[in-house]
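Have a look at the structure below, then the notes.
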2 protein chains.
Amino acid sequence: MKPRISMITLGVRHLAASVRFYEAGLGFPRMESPPEVAFFTLNGSWLALYDRHALAEDAAVSPEGTGFEGFTLSHNVASEAEVETIMRQALGAGATLAKAAQKTDWGGYAGYFKDPDGHLWEIAHNPHFWVGPRDEDAP
Amino acid sequence: MKPRISMITLGVRHLAASVRFYEAGLGFPRMESPPEVAFFTLNGSWLALYDRHALAEDAAVSPEGTGFEGFTLSHNVASEAEVETIMRQALGAGATLAKAAQKTDWGGYAGYFKDPDGHLWEIAHNPHFWVGPRDEDAP
């Protein structure tokens, strides 16, 4: 298996609202696609949004599920100030605060928000090393 | 916000077993790190493994949760045969079959397995377009 995650698909309850959150609210670039799914062509792994029940059905598992989903998505940035800026952007776009940005015990700075379906995003500054793909406009 | 997911962190119940699955079983490259966390430096978004309770605590949410987790990870490959090869590799490494690889209604070919904690992976061949990051050794 190649060392690669091609896409992360999030199950959502209201596709149009989630598309607005990620496209208009966070500014993610959306690819043209059939109306029942949304693909965001991110640097690195892509993000997809799909009806939660349809996603479970596609994987042949029960759609029933509650509480902590057992995963988080991280978005790393270059400074503490940028963490604050993006937390404000997300909350302004309709995200819910899970944990206000603050110093972490590993020497970084991070906060968490929940997207419209409760999926958890960490916005983090790691002063020790860069995590994941670089931006395409990075030097 | 930049169009980028830096890292996907999966909450796990038995870190050592999950590290074995992803490192020895699937062949993902592991970065040196403190013993309580594992980072896999994938092309595109990185993968991290962290104790499920500690992950929930870090995000300031309850660790309680059951059933469908509302997300899937996809690994796209260049052929139907490669889908079959990777499904066999994962099941041989201790994954559980969720859905045997088969033709999909969107004209592709895909199967799903569950990792040791039940996190869902789709192995997919999409003949219409390439999804996500290319391998570093790709032309």
Side-chain angles (χ1 to χ4, degrees), chain A residues 1-12 26-29 34 39-48 52 55-56 58-77 86 89-90 98-99 104 106 110 112 114 117-120 122 124 131-133 135, chain B residues 1-12 26-29 34 39-48 52 55-56 58-77 86 89-90 98-99 104 106 112 114 117-120 122-124 131-133 135:
Chain A
M1 192 164 174
K2 298 292 178 71
R4 172 170 39 75
I5 294 169
S6 303
M7 190 158 63
I8 298 131
T9 302
L10 299 179
V12 301
L26 300 189
F28 283 1
F39 298 116
F40 297 92
T41 54
L42 307 188
N43 300 342
S45 308
W46 288 12
L47 178 69
R52 182 184 163 88
L55 181 61
D58 192 55
V61 299
S62 163
E64 301 302 318
T66 57
F68 181 50
E69 297 179 317
F71 81 104
T72 60
L73 302 177
S74 293
H75 181 83
N76 279 45
V77 295
I86 294 177
Q89 179 185 5
K99 184 186 192 178
T104 70
W106 45 267
Y112 281 90
K114 295 179 178 180
D117 286 275
H119 304 306
L120 285 162
E122 180 194 36
V131 170
D135 301 320
Chain B
M1 193 162 172
K2 298 292 179 71
R4 170 171 39 75
I5 295 170
S6 304
M7 188 158 65
I8 299 133
T9 302
L10 300 178
V12 300
L26 300 190
F28 283 1
F39 298 115
F40 296 92
T41 54
L42 308 188
N43 300 342
S45 307
W46 289 10
L47 177 69
R52 183 185 163 88
L55 181 60
D58 192 54
V61 299
S62 163
E64 301 304 318
T66 56
F68 181 51
E69 296 179 316
F71 82 104
T72 61
L73 302 177
S74 293
H75 181 83
N76 279 45
V77 296
I86 294 178
Q89 178 185 5
K99 185 185 192 178
T104 70
W106 45 267
Y112 281 90
K114 295 179 179 179
D117 286 274
H119 303 307
L120 284 161
E122 180 194 37
I123 309 299
V131 171
D135 301 321

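Basis for what follows: all heavy atoms, side chains included, without hydrogens, waters or symmetry-related copies. We name chains A, B, ... by the order of the sequence lines, and we start the count at 1 in each one. If you're wondering where the values come from, they're calculated on a predicted model, not measured in any experiment.
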Answer with side chain, backbone, both or neither: which region of [X] has an atom nearer than 4.5 Å to a non-hydrogen atom of chain A?
X: B/Phe40; result: neither
X: B/Phe71; result: both
X: B/Val61; result: side chain
X: B/Ile86; result: side chain

Using a cut-off of under 4.5 Å on heavy-atom pairs, state which of [options] scores highest against chain B.
options: A/Ala60, A/Pro133, A/Gly11; value: A/Pro133
options: A/Thr66, A/Thr41, A/Leu26; value: A/Thr66
options: A/Leu55, A/Val77, A/Leu73; value: A/Leu55
options: A/Lys114, A/Met7, A/Arg52, A/His75; value: A/His75
options: A/Pro34, A/Ser45, A/Gly67; value: A/Ser45

Please look at A/Tyr112 and chain B and tell me whether the side chain, the backbone, both or neither of the residue comes under 4.5 angstrom of a heavy atom of that chain. side chain

Select one option (side chain, backbone, both, neither) describing which atoms of A/Asp58 are under 4.5 Å from chain B's heavy atoms. both

Top residue by heavy-atom pair count (under 4.5 Å) with chain A, among B/Ala98, B/Ala124, B/Ala90?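 When all of B/Ala98, B/Ala124, B/Ala90 are compared, B/Ala98 has the most.
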
Residues forming a side-chain contact (heavy atoms from CB on, under 4.5 Å) with B/Ser62, sequence neighbours excluded: B/Glu64

Applying side-chain hydrogen bond (donor to acceptor under 3.5 Å, both in side chains) as the test, list every pair that has at least one member in residues 1-12 of chain B; sequence neighbours left out.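 Applying side-chain hydrogen bond (donor to acceptor under 3.5 Å, both in side chains) to every pair that reaches into residues 1-12 of chain B, excluding sequence neighbours, yields A/Asp135-B/Lys2, A/Asp135-B/Arg4, B/Arg4-B/Ser6.
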
Shortest non-hydrogen contact from B/Pro3 to A/Pro29? CB-CD, 3.4 Å

Minimum heavy-atom distance between B/Ala59 and A/Leu120, given as atom pair plus value: CB-CD1, 4.0 Å

